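Quick caveat, the model's predicted, so the values are computed rather than measured.
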Amino acid sequence: MVVGLGAGVGAAVFRWLITTATRAFTGHDDYSAAAGAANPHLPGVGRWFVLLTPVVAGLVYGPLVYRFAREARGHGVPEVMYAVAERGGRIRPQVAVVKALASALCIGGGGSVGREGPIVQIGSALGSTLGQLVRLPESRLRILVACGAAGGIAATFNTPIAGVFFALELILADFAVESFAAVVLAAVAAAALSRAVFGDQPFLALPTFTIGSAAQYAAYVVLGLFAGGVGVGWSRALYFIEDLCDRLWRGPEWLRPAAGGLLLGGVLLALPQLYGVGYPVLGRAVGGGYAIGFVLLLMVGKILATSLTIGIGGSGGVFAPSLFVGAMLGEAYGLALHAAAPGLAPSPGAYALVGMGAVFAGAARTPITAVLIMFELTGEYRIILPLMLAIALSAGISKLISPDTIYTRKLLRRGIDLQAPDRALARIAVTAAAGPLPAPLSPDATLADLTVRFAADGSTALPVIDDAGRLLGVVPALEVERAVQDAAEHVTAADLAHTVPLLSGGESLEDALAELTRNGGAGLPVGANGVASGWLTHRDLLHAAAGVRKPA
């Protein structure tokens, strides 16, 4: 709860910093809402001032990030995922301060990025710092990091449920009860504080939409398929432009945001609607405020502007841009459908709402979070069924065409694969760990025979093999104990045997561990063509992983 409250305070301060920086650079609280207007501090310059705001901002946050916390560069969430998976949840304390200042300056100076990545990194750094101060073990420290991430999301967007599942699905990749309870406490505390400060309203105030007919579901299926492809394409474009910036820039890294800011300023001069996070523009598009051609231009422009902001060394998230891209895709699709068949799209904005969640699911491949966050962001429950349908299809298409996501791709480019199996077990074959096959049970062995046998050698499971040498199954000691308690004197080993997979000697211990876990963990036979020749237990697996020779 302390971490959640800290994340809530951090979110409130961060939002204030963004507004303050935006007002200082543009004279407006959110320049995207007044796109193209002059800066009241520089009325004679007109809209041309946006050409230099990213440059000035870059001159400040570039050296700040380079000097004090280089991990604050970029969109933040991959760094938190890496800290949880590979560093035991340890994040340097200064990351929270540097990330808040750098991201506020970047967004206030025109960076076309979101604020969810920074607040996740800020909240996670707070949780990690507190955990390290009280010297918690790594298992608890990771949970505190997730609590900070959940609290940040819950406070920033007024989405406590989505904050919980964002932390569990993306940061921890774990839905254990212990983790769930702690993360819920943090999210509730952060959301309660946020609502006391900002009120209890959905983050996006959008028109009400309904589903007019069952035939519309087919249209949402098509949108979900499109969104999956756009989500992957948006992720690839982000890293393509970042690679391009890496190849072209040869100067000092601290100067890169300022030098690249001139290019970003050119984009903002052409499309000032892309300045900063851009939620007012998103809301206007969903409400039908733009023609289909301009909506598509905004979609492509957002991908370019966000990718350029990250590529030049800016600091900000990719969640809000994903929503923006999805809204423009969905709105354009809805407008086109409305023109062709008005009955299928009486409210084109409904497709924009679904497109927001579907593109995020295609880019991040977190379908549970995508459904919940769209529901909480909009407060619109009547569109939940097409939303779930499109998000599920988008995530599935994304998985088919891309092995990585917008978050994991950043780490993969560094040689870090968080989704890879345990490296020690993946490199060891089953034959290197398996022990000899225990003396098998006869299929006709009685309960008395089984009781004597298990009591004598202390095994937790034994194979049952017939006269032809074929494996019939495995009898767990637990089943024998239950049969004794039930006084089932008539049962035999064949009756109690469980059908289990026969492990191949060439497969990895990682695969074998999964099979052991699925089949009770007592032990599995190793062999081929239905004939068992060895036996693998958790103890054998641990000996092999530790490099310890098995006792004779």
- Query: Between Arg453 and Asp449, does at least one N-O distance fall below 4.0 Å, as a salt bridge requires?
  - Reply: no

- Item | Interatomic distance, Tyr333 atom OH to Leu223 atom CG [nearest 0.5 angstrom] | 6.0 Å

- Message: Run Leu372 and Ile368 through side chain to side chain contact (heavy atoms under 4.5 Å, CB included) and show every step you take.
- Response: CA-CA 6 Å; Leu372 292 173; Ile368 299 174; 4.0 Å; yes

- Item | side chain to side chain donor-acceptor pair (under 3.5 Å): pairs with one or both residues in residues 221-231, sequence neighbours excluded | none

- Atom CZ of Phe226 with >12 non-hydrogen neighbours under 6.0 angstrom: no

- Item | Atom pair OG/CG of Ser533 and Leu471 - distance to nearest 0.5 Å | 10.5 Å

- Item | Check: Ser394 side chain, Gly362 main-chain N or O, donor-acceptor pair, under 3.5 Å | yes

- Query: Do Leu411 and Thr408 touch side chain to side chain, with heavy atoms closer than 4.5 Å?
  - Reply: no

- Do side-chain atoms of Thr537 reach the backbone of Asp540 as a donor and acceptor pair under 3.5 angstrom? yes

- Message: Less than 4.5 Å apart, side chain to side chain, heavy atoms only: is that true for Val232 and Ile397?
- Response: no

- Taking the side chain as C-beta and beyond, is there a heavy-atom pair between Asp457 and Leu462 under 4.5 Å? yes

- Report yes or no: does Glu376 contribute a side-chain atom to a donor-acceptor pair with the main-chain N or O of Ala162 at less than 3.5 Å? yes

- Query: Atom NZ in Lys99, atom OG in Ser315: separation rounded to 0.5 Å?
  - Reply: 3.0 Å

- Message: Just verifying a value: how many Å separate Glu116 CD and Leu323 CG, rounded to the nearest 0.5 Å?
- Response: 8.0 Å

- Task: Calculate, to the nearest 0.5 Å, the distance between atoms CD and CG belonging to Gln216 and Leu337 respectively.
- Result: 8.5 Å

- Carefully, step by step, assess Ser179 and Arg142 under the rule side chain to side chain donor-acceptor pair (under 3.5 Å). CA-CA 9 Å; Ser179 305; Arg142 292 188 183 98; over 6 Å; no

- Item | Pro321 side chain reached by Leu238 side chain, heavy atoms, under 4.5 Å | no

- Please test His490 against Leu447 for side chain to side chain contact (heavy atoms under 4.5 Å, CB included), starting from the C-alpha separation and ending with a verdict. CA-CA 7 Å; His490 59 282; Leu447 181 60; over 6 Å; no

- Looking only at heavy atoms, which two atoms of Ala370 and Phe360 are closest? And how far apart? CB-CD2, 3.8 Å

- Message: When you compare the side chain of Tyr220 with that of Leu385, does any pair of heavy atoms fall below 4.5 Å?
- Response: no

- So, Asp486 side chain and Ala488 main chain: donor-acceptor pair closer than 3.5 Å or not? no

- Measure from NZ or CZ of Arg70 to the centre of the six-membered ring of Tyr66 and say whether it is under 6.0 Å with the direction within 45° of the ring axis. yes

- Query: Under 3.5 Å, is there a donor-acceptor pair between the side chain of Thr306 and the main chain of Lys302?
  - Reply: yes

- Message: I need the Ser322 OG to Ile406 CD1 distance, nearest 0.5 Å.
- Response: 4.5 Å

- NZ/NE/NH1/NH2 to OD/OE distance under 4.0 Å, Glu242 and Lys410: no

- Are Leu387 and Leu353 close enough that some pair of their side-chain heavy atoms sits under 4.5 Å apart? no

- Message: Contact between Ile373 and Phe319 at the side-chain level, heavy atoms closer than 4.5 Å - yes or no?
- Response: yes

- Task: State whether the side chain of Ser402 and the backbone N or O of Ser398 hold a donor-acceptor pair below 3.5 Å, judged by distance alone.
- Result: no

- Provide the closest heavy-atom pair for Val230 versus Leu329 in the form atom of the first, atom of the second, distance. CG2-CD2, 3.9 Å

- Query: What closest approach, in Å, do Ala154 and Pro160 show between heavy atoms, and which atom pair accounts for it?
  - Reply: CB-CA, 3.7 Å

- Taking Thr366 for the side chain and Thr369 for the main chain, is one N or O donor matched with an acceptor at less than 3.5 Å? no

- Message: Quick one, Ile465 with Leu437, criterion side chain to side chain contact (heavy atoms under 4.5 Å, CB included). Give me CA distance, side-chain angles, the key distance, then yes/no.
- Response: CA-CA 11 Å; Ile465 296 178; Leu437 185 71; 3.8 Å; yes

- Message: Just to verify, what does Glu481 make a salt bridge (charged side-chain N to carboxylate O under 4.0 Å, His left out) with, not counting sequence neighbours?
- Response: none

- Message: Main chain of Met81, side chain of Tyr407: is a donor-acceptor contact present, judged purely on distance under 3.5 Å?
- Response: no

- Message: A quick test of your reading: do over 12 heavy atoms of other residues, nucleotides or ligands sit less than 6.0 Å from CZ of Arg92?
- Response: yes

- Message: Is any side-chain heavy atom of Arg256 closer than 4.5 Å to one of Asp246?
- Response: yes

- Message: I'd like to know if the side chain of Arg365 reaches the main chain of Asp404, judged simply by a donor and an acceptor atom lying under 3.5 Å from each other, with no hydrogens or angles considered.
- Response: yes

What side-chain donor-acceptor pairs closer than 3.5 Å can you find for residues 498-505, not counting sequence neighbours?
residue, atom, partner, partner atom, Å
Ser504, OG, Gly506, N, 3.4

- Message: Take a 6.0 Å sphere around OH of Tyr217 and say whether it holds more than 12 heavy atoms from other residues, nucleotides or ligands.
- Response: yes

- Task: Using atom types as modelled and distance alone, determine if a side-chain donor or acceptor of Asn529 lies under 3.5 Å from a backbone N or O of Val531.
- Result: no

- Task: Determine, stepwise, if the pair Val464 / Val474 fulfils side chain to side chain contact (heavy atoms under 4.5 Å, CB included).
- Result: CA-CA 6 Å; Val464 180; Val474 168; over 6 Å; no

